[in-house]
Amino acid sequence: MLTPTTIFEVLLAAYGPQGWWPVGVGEGDGRAAAYHPLDFAVPRTDSERFEICVGAILTQNTAWRNVEKALVSLHAAGGVQPSALLRMPDQQLADAIRPSGYFNVKSRRLRVFTEFYLLLAGSAPTREELLKVWGVGPETADSMLLYAYGRLHMVIDAYTRRIFSHLGVISETATYDDVASVCEAELPRDVPVYQEMHALLVAHAKRYYQRLPYDDPLFPQVSSETNRKNEV
DNA sequence: AACCAGGACGTGA
DNA sequence: TCACGTCATGGT
């Protein structure tokens with residue numbers, strides 16, 4: 001029976017450390033300028049933390065490449081920082097993040113979150129506090145906690161569900177908390193492991209889980225069996 | 001040319 | 001609780 005830890009080890013061996021979360025988008029060539037492979041222990045600066053939180057909201061149901069475009073224009077429009085963001089007129093903000101899609105909702109969510117972020121005054125929010133913020137759901141909250149604040153919260157996204165479900169680790173009807181429990185009960189309770197786990201799952205899913213039937217070369221035995229089940 | 005991206009929220013059963 | 005519609009641009 002496959003476990004999250006086994007999957008983690010296989011993925012890490014196959015792809016190496018991913019160094020998420022990408023920060024520094026828009027400062028250099030317009031792509032992620034400062035991935036931190038093998039450098040997880042470095043505490044995030046305040047500006048990195050905010051950029052990660054903004055990215056977490058912008059990437060809701062959206063390809064990261066589109067988020068990069070949004071972050072680049074946000075940066076050009078005065079920088080990805082709380083004061084600058086709140087100063088921007090609605091029109092300008094929505095315009096800057098247009099490429100990331102849902103620009104009307106997301107500009108509202110960014111404002112609401114930024115107000116909350118400033119109230120924190122540098123301290124880390126709890127998960128409960130984050131979930132009360134309008135526009136921040138479970139995945140966005142856990143992304144912020146894990147990558148911006150270095151807290152031990154597993155991030156469960158569509159890719160995680162897809163891979164785990166395909167490999168038989170969870171059922172198709174598992175809730176967000178179900179999947180998180182499976183991971184947190186079995187994986188080493190280590191922040192870099194959680195960060196890498198999620199990043200590796202995304203990297204892997206982008207290669208082999210885009211379209212049915214899934215064919216996973218890293219776990220071939222499970223792959224054929226599940227596909228057969230899906231065809232019935 | 002449909003389909004999907006590192007979701008969240010509002011609504012009606 | 002839960003299924004479903006909505007929000008929207010951009011790549012395959």
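Naming convention: chains lettered A, B, ... in sequence-line order (proteins, then strands); numbering from 1 in each chain.
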Report yes if the distance between the aromatic ring centroids of A:Tyr208 and A:Tyr214 is under 6.0 Å, otherwise no. no

Between residues 133-148 of chain A and DNA chain C, which residues have a heavy-atom gap below 4.0 Å? none

Is any side-chain heavy atom of A:Glu184 less than 4.5 Å from a side-chain heavy atom of A:Leu152? no

Check: protein-nucleotides 1-4 of chain B nitrogen or oxygen pairs below 3.5 Å:
none

In whole Å, I'd like the distance from the NE2 atom of A:His198 to the C1' atom of B:dG7. 12 Å

Rounded distance (Å) that lies between atom C1' of C:dG11 and atom CD of A:Glu68: 14 Å

Could you tell me how far apart A:Arg207 (CZ) and B:dA5 (P) are, to the nearest whole angstrom? 16 Å

Within 45° cone and under 6.0 Å: A:Arg98 NZ/CZ vs A:Phe103 ring: yes

Please state the P separation for the pair C:dC7 and B:dA1 - nearest whole angstrom. 24 Å

Pairwise P distance for B:dG10 and C:dA8, with rounding to whole Å: 14 Å

Intermediate values then yes/no, side-chain hydrogen bond (donor to acceptor under 3.5 Å, both in side chains), A:His204 and A:Tyr15: CA-CA 8 Å; A:His204 187 51; A:Tyr15 302 120; 2.7 Å; yes

Verify the distance criterion only: is there a donor paired with an acceptor across the side chains of A:Thr3 and A:Thr5 at less than 3.5 Å? no

Decide yes or no for A:Trp20 and A:Glu196: does some side-chain heavy atom of the first lie under 4.5 Å from some side-chain heavy atom of the second? no

As a quick check of understanding, evaluate side-chain hydrogen bond (donor to acceptor under 3.5 Å, both in side chains) for A:Thr175 and A:Asp178, giving each step before the final call. CA-CA 5 Å; A:Thr175 67; A:Asp178 290 340; 3.1 Å; yes

Indicate whether the side chain of A:Gln60 and that of A:Thr140 have a donor and an acceptor atom separated by less than 3.5 Å. yes

Where do A:Asp157 and A:Tyr176 land on the side-chain hydrogen bond (donor to acceptor under 3.5 Å, both in side chains) test, with the steps shown first? CA-CA 8 Å; A:Asp157 60 14; A:Tyr176 187 101; over 6 Å; no

Note: contacts of residues 124-131 of chain A with DNA chain C (heavy atom, under 4.0 Å) are none

Whole angstrom value for the distance that separates P of B:dC9 from CZ of A:Phe113: 13 Å

At a heavy-atom distance below 4.0 Å, what parts of residues 178-188 of chain A sit against DNA chain B? none

When the ring centroid of A:His198 is compared with that of A:Tyr194, is the distance short of 6.0 Å? no

Distances under 3.5 Å between protein N/O atoms and the N/O atoms of nucleotides 11-13 of chain B, please, pair by pair.
none

Rounded to whole angstroms, how far apart are CG on A:Leu110 and C1' on B:dC9? 16 Å

Under 3.5 Å, side chain of A:Glu48 to main-chain N/O of A:Thr45, donor-acceptor pair present? yes

Hey, does the side chain of A:Ser181 reach the backbone of A:Asp177 with a donor-acceptor pair shorter than 3.5 angstrom? yes

Is A:Arg108 salt-bridged to A:Asp90, going by a charged N under 4.0 Å from an acidic O? no

Sidechain-backbone polar pair: A:Glu51 side chain, A:Gly24 backbone, donor-acceptor under 3.5 Å: yes

Strictly distance-based, threshold 3.5 Å: is any side-chain N or O of A:Arg161 a donor or acceptor partner for the main-chain N or O of A:Glu172? no

Whether over 12 other heavy atoms sit under 6.0 Å from A:Arg151 CZ: no

Any side-chain heavy atom of A:Asp142 sitting closer than 4.5 Å to one from A:Leu146? no

Where the side chain of A:Lys106 meets the backbone of A:Leu58, is there a donor-acceptor pair that is under 3.5 Å apart? yes

Phosphate OP1/OP2 of B:dC9: any A:Lys132 side-chain N/O under 4.0 Å: no

Check nucleotides 2-9 of chain C for protein N or O atoms closer than 3.5 Å to its own N or O atoms and list the pairs.
from	atom 1	to	atom 2	distance (Å)
C:dA8	OP1	A:Tyr102	O	3.3
C:dA8	OP1	A:Phe103	N	3.3
C:dA8	OP1	A:Asn104	N	2.7
C:dA8	OP1	A:Val105	N	3.1
C:dA8	OP2	A:Asn104	ND2	3.1
C:dA8	O4'	A:Tyr102	N	2.9
C:dA8	N6	A:Tyr102	OH	2.2
C:dA8	N1	A:Tyr102	OH	2.7

